[in-house]
Novice: 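What follows is a single structure, and I will ask about it in a moment.
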Amino acid sequence: MEKMILFAISTVMLTTGLNSCNVNSVYEVEQYKKIIALVSNADYNVFPVVHDLEEPETVGYVSISCGGTNPTDRENRILLALDKGLFDNYNMLNFDMDYEQFANLLPENKYTIGSYEVVIPAGERYGRMAIRIRPDGLSPDSTYFIPLKVKSTSAYEVNLDKSSILYRVLIKNRWATQESVTNYTMRAFRGTTQLPGIKTMHPVGRNKVRVMAANVAFQSNLTTINRYGMYLEIDEDNHVAITPVKDLNMTQIDGDPDYPNIYRIEDDGYKKYQTFLLCYSYVDGAATYQMKEELRLEIKEIK
């Protein structure tokens with residue numbers, strides 16, 4: 001009886017050991033093809049990267065992955081190339097013949113790609129290509145792309161659905177970002193009338209942002225921007241110069257002790273805020289209005 005029990009136990013242990021070896025061997029064998037893909041969003045293969053206007057040049061990266069369950073077993077050299085056809089398809093699919101809505105190719109003088117070749121060493125899964133971006137002068141109202149595609153690889157096949165990418169250049173500074181809507185809470189007076197509300201701010205330059213006058217709601221069209229848009233330019237001492245974008249008839253008013261046209265950071269002990277205190281007058285139709293505004297944004301909202 002004891003011999004029978006020992007034999008049964010030995011049989012179970014042997015079977016378990018064999019099964020364990022079989023399981024391990026499954027994981028040692030590649031279960032999926034090693035396929036090259038450019039990393040991007042699902043929609044139109046867009047890859048957005050935020051670049052800081054406060055720097056004359058910043059570096060972004062295009063990432064390339066190699067799928068599979070196991071590391072690569074040989075070096076792979078991937079050559080990328082510009083692909084205007086991808087860019088044209090994006091505009092046609094999204095906007096048809098509405099040319100005013102079209103995205104823009106990033107001007108050639110705004111970027112440098114030192115090398116279009118990406119090397120994924122043996123044993124690695126990822127590689128990347130550097131793009132040096134010079135964002136000064138880009139518009140927060142425009143969409144800018146660098147369209148790229150995989151031209152060739154030295155090893156492994158390419159995922160055709162992820163063989164191209166639209167590298168999107170977004171801009172920001174410390175006061176606003178193009179990545180998302182930057183809304184400041186506004187507490188204002190137009191004459192003696194209180195005007196609470198929200199003011200949308202856009203990054204324009206290294207130390208420059210754009211807002212709309214008074215409580216005019218932002219609209220993404222040149223007519224409204226030119227008619228009511230204002231620039232706020234912040235100097236090294238945090239003084240703010242207010243100027244019209246184009247057609248707005250406005251005058252900065254200095255000397256008000258409560259609204260001295262400054263930018264400052266406020267700390268109430270719990271939260272920190274970016275705050276603008278502004279004073280100006282503007283003409284709308286036959287009327288002239290004087291504005292006193294406090295614009296506040298919790299600092300954590302700026303990315």
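A quick note: this is a predicted structure, and the numbers were derived from the prediction, not measured.
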Novice: Following the transitive rule for hydrophobic clusters with a side-chain heavy-atom cut-off under 4.5 Å over Ile, Leu, Val, Met, Phe, Trp and Tyr, establish whether Tyr231 and Met212 coincide in one cluster.
Specialist: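 Yes, because Tyr231 and Met212 connect within a single hydrophobic cluster, where side-chain heavy atoms sit under 4.5 Å apart.
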
Novice: Kindly give the heavy-atom pair with the smallest separation between Gly60 and Val49, and that separation in Å.
Specialist: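 Smallest heavy-atom distance, with atoms named: CA-CG1, 4.3 Å.
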
Novice: Determine, stepwise, if the pair Thr153 / Asn76 fulfils side-chain hydrogen bond (donor to acceptor under 3.5 Å, both in side chains).
Specialist: CA-CA 7 Å; Thr153 65; Asn76 191 6; 4.6 Å; no

Novice: State plainly whether one hydrophobic cluster holds both Ile262 and Ile253, where clusters connect Ile, Leu, Val, Met, Phe, Trp and Tyr through side-chain heavy atoms under 4.5 angstrom apart.
Specialist: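 Cluster IDs for Ile262 and Ile253 differ.
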
Novice: Any sub-3.5 Å donor-acceptor pair from Glu75's side-chain atoms to Ser154's backbone N or O?
Specialist: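 Looks like no, no N/O pair under 3.5 Å.
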
Novice: First locate atom OG1 of Thr143, then atom CG of Asn94, and finally report the distance between them rounded to the nearest 0.5 Å.
Specialist: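 Taking OG1 in Thr143 and CG in Asn94, the distance rounds to 9.5 Å.
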
Novice: Quick check: does any side chain N or O of Glu294 sit under 3.5 Å from a backbone N or O of Arg187, one acting as donor and the other as acceptor?
Specialist: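 Checking the backbone N and O of Arg187 against the side chain of Glu294, no donor-acceptor pair under 3.5 Å is found.
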
Novice: In terms of hydrophobic clustering (I, L, V, M, F, W, Y; side-chain heavy atoms under 4.5 Å; direct or indirect links), are Leu138 and Val50 co-clustered?
Specialist: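 In one cluster: no.
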
Novice: Going by the angle between their ring planes, with limits at 30° and 60°, are Phe87 and Phe145 parallel, tilted or perpendicular?
Specialist: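 Perpendicular.
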
Novice: Give the intermediate values and the outcome of side chain to side chain contact (heavy atoms under 4.5 Å, CB included) for residues Arg264 and Leu277.
Specialist: CA-CA 8 Å; Arg264 67 189 183 195; Leu277 297 171; 3.5 Å; yes

Novice: Is there a side-chain contact between Arg168 and Gln178 in this structure, where contact means two heavy atoms from C-beta onward sitting under 4.5 Å apart?
Specialist: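 Answer yes - side chains close enough.
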
Novice: Do Phe276 and Met201 make a side-chain contact, defined as non-hydrogen atoms from C-beta onward lying under 4.5 Å apart?
Specialist: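 Heavy-atom side-chain distance check passes, below 4.5 Å.
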
Novice: Please step through side chain to side chain contact (heavy atoms under 4.5 Å, CB included) for the pair Val211 and Leu232, ending with a clear verdict.
Specialist: CA-CA 8 Å; Val211 295; Leu232 308 180; 4.1 Å; yes

Novice: Between Glu54 and Arg174, does any side-chain N to carboxylate O distance fall below 4.0 Å?
Specialist: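 The answer is yes: the pair qualifies as a salt bridge.
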
Novice: Under the 3.5 angstrom rule, does the side chain of Asn207 hit a backbone N or O of Ile234 as a donor-acceptor pair?
Specialist: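 Confirmed, Asn207 side chain pairs with Ile234 backbone.
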
Novice: At what distance, to the nearest 0.5 angstrom, does OG1 of Thr182 lie from NE2 of His202?
Specialist: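 It is 7.5 Å, given to the nearest 0.5 Å.
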
Novice: Could you measure the distance from the CG atom of Asn91 to the CG atom of Asp98? Nearest 0.5 Å is fine.
Specialist: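 These two atoms lie 10.0 Å from each other.
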
Novice: When rounded to the nearest 0.5 angstrom, what is the spacing between OH in Tyr167 and CG in Leu80?
Specialist: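 Tyr167 OH to Leu80 CG: 13.0 Å, rounded to 0.5 Å.
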
Novice: Side chains of Tyr280 and Gln290: donor-acceptor distance under 3.5 Å anywhere?
Specialist: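 Note: Tyr280 and Gln290 side chains miss the donor-acceptor criterion.
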
Novice: Has the side chain of Asn173 got a donor or acceptor atom that lies under 3.5 Å from a matching backbone atom of Ala176?
Specialist: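 Checking the backbone N and O of Ala176 against the side chain of Asn173, a donor-acceptor pair under 3.5 Å is found.
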
Novice: Other residues, nucleotides and ligands only: do more than 12 of their heavy atoms fall within 6.0 Å of CZ on Arg227?
Specialist: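 Counting other residues, nucleotides and ligands, CZ of Arg227 stays at 12 neighbours or fewer.
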
Novice: Among side-chain atoms of Asn45 and Lys162, is any donor-acceptor pair under 3.5 angstrom?
Specialist: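 Yes - a donor-acceptor pair under 3.5 Å links their side chains.
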
Novice: Testing the basics here: between Ser281 and Thr288, what is the closest heavy-atom pair and its distance to 0.1 Å?
Specialist: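 Closest approach of Ser281 to Thr288: CB-CG2, 4.4 Å.
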
Novice: Under 3.5 Å, which donor-acceptor pairs do the side chains of residues 121-135 form with other protein atoms, sequence neighbours left out?
Specialist:
from, atom 1, to, atom 2, distance (Å)
Arg125, NH1, Gly68, O, 2.7
Arg125, NH2, Thr69, O, 3.0
Arg132, NE, Glu57, OE1, 2.7
Arg132, NH2, Glu57, OE1, 3.2
Arg134, NE, Asn109, O, 3.2
Arg134, NH1, Glu57, OE2, 2.8
Arg134, NH1, Thr112, OG1, 3.1
Arg134, NH2, Asn109, O, 3.3
Arg134, NH2, Tyr111, O, 3.2
Arg134, NH2, Thr112, OG1, 3.1

Novice: Trp175 and Arg206: which non-hydrogen atoms are nearest, and at how many Å?
Specialist: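 Heavy atoms only, the tightest pair is CZ3-O, 3.6 Å.
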
Novice: Output yes when a side-chain donor or acceptor of Lys149 lies under 3.5 Å from a complementary backbone atom of Gly85, and no otherwise.
Specialist: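 Not confirmed, Lys149 side chain does not pair with Gly85 backbone.
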
Novice: Hey, is the main chain of Asp43 close enough, under 3.5 Å, to the side chain of Asn41 for a donor-acceptor pair?
Specialist: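 Checked: no pair found.
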
Novice: Specify the closest pair of heavy atoms between Tyr184 and Gln274, including all atoms of both residues, with the distance to one decimal.
Specialist: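 For Tyr184 versus Gln274, the nearest heavy atoms are OH-NE2, 3.3 Å.
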
Novice: If you measure from the Lys or Arg side-chain nitrogens to the Asp or Glu carboxylate oxygens, is any gap between Glu266 and Lys271 under 4.0 Å?
Specialist: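 Answer for the salt bridge query: no.
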
Novice: A cation-pi test, strictly: NZ or CZ of Arg74 under 6.0 Å from the centre of the six-membered ring of Tyr156 and no more than 45 degrees from its axis. Yes or no?
Specialist: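 Geometry flag: set, cation within 6.0 Å and 45°.
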
Novice: Count I, L, V, M, F, W, Y as connected when their side-chain heavy atoms are under 4.5 Å apart, and connections chain through other members. Are Leu106 and Tyr90 then in the same cluster?
Specialist: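 The answer is no; the residues belong to distinct hydrophobic clusters.
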
Novice: Closest heavy-atom contact between Tyr144 and Pro107?
Specialist: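 Minimum heavy-atom separation between Tyr144 and Pro107: CD2-CD, 4.3 Å.
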
Novice: Before giving the answer on side chain to side chain contact (heavy atoms under 4.5 Å, CB included), spell out for Met291 and Phe189 the whole-Å C-alpha distance, their side-chain angles and the decisive distance to 0.1 Å.
Specialist: CA-CA 6 Å; Met291 292 297 305; Phe189 290 90; over 6 Å; no

Novice: Check residues 237-252 and write down every donor-acceptor pair under 3.5 Å in which the side-chain atom is one partner and the other belongs to a residue at least two apart or another chain.
Specialist:
from, atom 1, to, atom 2, distance (Å)
Gln252, OE1, Ile242, N, 2.6
Gln252, NE2, Val240, O, 3.2
Gln252, NE2, Asp254, OD1, 2.8

Novice: Shared ILVMFWY cluster between Leu86 and Leu160, side chains joined below 4.5 angstrom?
Specialist: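 No, separate clusters.
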
Novice: How long is the straight-line distance from OG of Ser164 back to CG of Asp83, given to the nearest 0.5 Å?
Specialist: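 OG of Ser164 is found 6.5 Å from CG of Asp83.
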
Novice: Among Ile165, Leu79, Ile78, which one satisfies side chain to side chain contact (heavy atoms under 4.5 Å, CB included) with Val150?
Specialist: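 It is Ile78; the other options fail the test.
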
Novice: Run Phe218 and Val181 through side chain to side chain contact (heavy atoms under 4.5 Å, CB included) and show every step you take.
Specialist: CA-CA 11 Å; Phe218 173 75; Val181 178; over 6 Å; no

Novice: Is any side-chain heavy atom of Leu295 closer than 4.5 Å to one of Thr185?
Specialist: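 Result no, sub-4.5 Å side-chain heavy-atom pair not found.
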
Novice: So which heavy atom on Ile120 is nearest to which on Cys66, and how close?
Specialist: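 Scanning both residues, the minimum pair turns out to be CD1-CB, 4.4 Å.
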
Novice: Would you compute the distance between atom OG of Ser65 and atom CG of Asn159 and round it to the nearest 0.5 angstrom?
Specialist: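 The OG atom of Ser65 sits 8.5 Å away from the CG atom of Asn159.
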
Novice: Report yes or no: is the cationic atom of Arg190 (NZ for Lys, CZ for Arg) under 6.0 Å from the centre of the six-membered ring of Tyr289, at an angle within 45° of the ring normal?
Specialist: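 Yes, a cation-pi geometry.
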
Novice: Return the orientation label for the Tyr99 and Phe102 ring planes: parallel under 30°, perpendicular over 60°, tilted otherwise.
Specialist: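 Plane angle over 60°, so perpendicular.
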
Novice: So, is the end of the Lys292 side chain (NZ or CZ) under 6.0 Å from the ring centre of Tyr259 and within 45° of the ring's axis?
Specialist: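 No; the conditions do not both hold, so Lys292 does not lie above the ring face of Tyr259.
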
Novice: Check whether any side-chain N or O of Asp136 sits under 3.5 Å from a backbone N or O of Leu53 as a donor-acceptor pair, and report yes or no.
Specialist: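 Between the backbone of Leu53 and the side chain of Asp136 there is no qualifying donor-acceptor contact (under 3.5 Å).
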
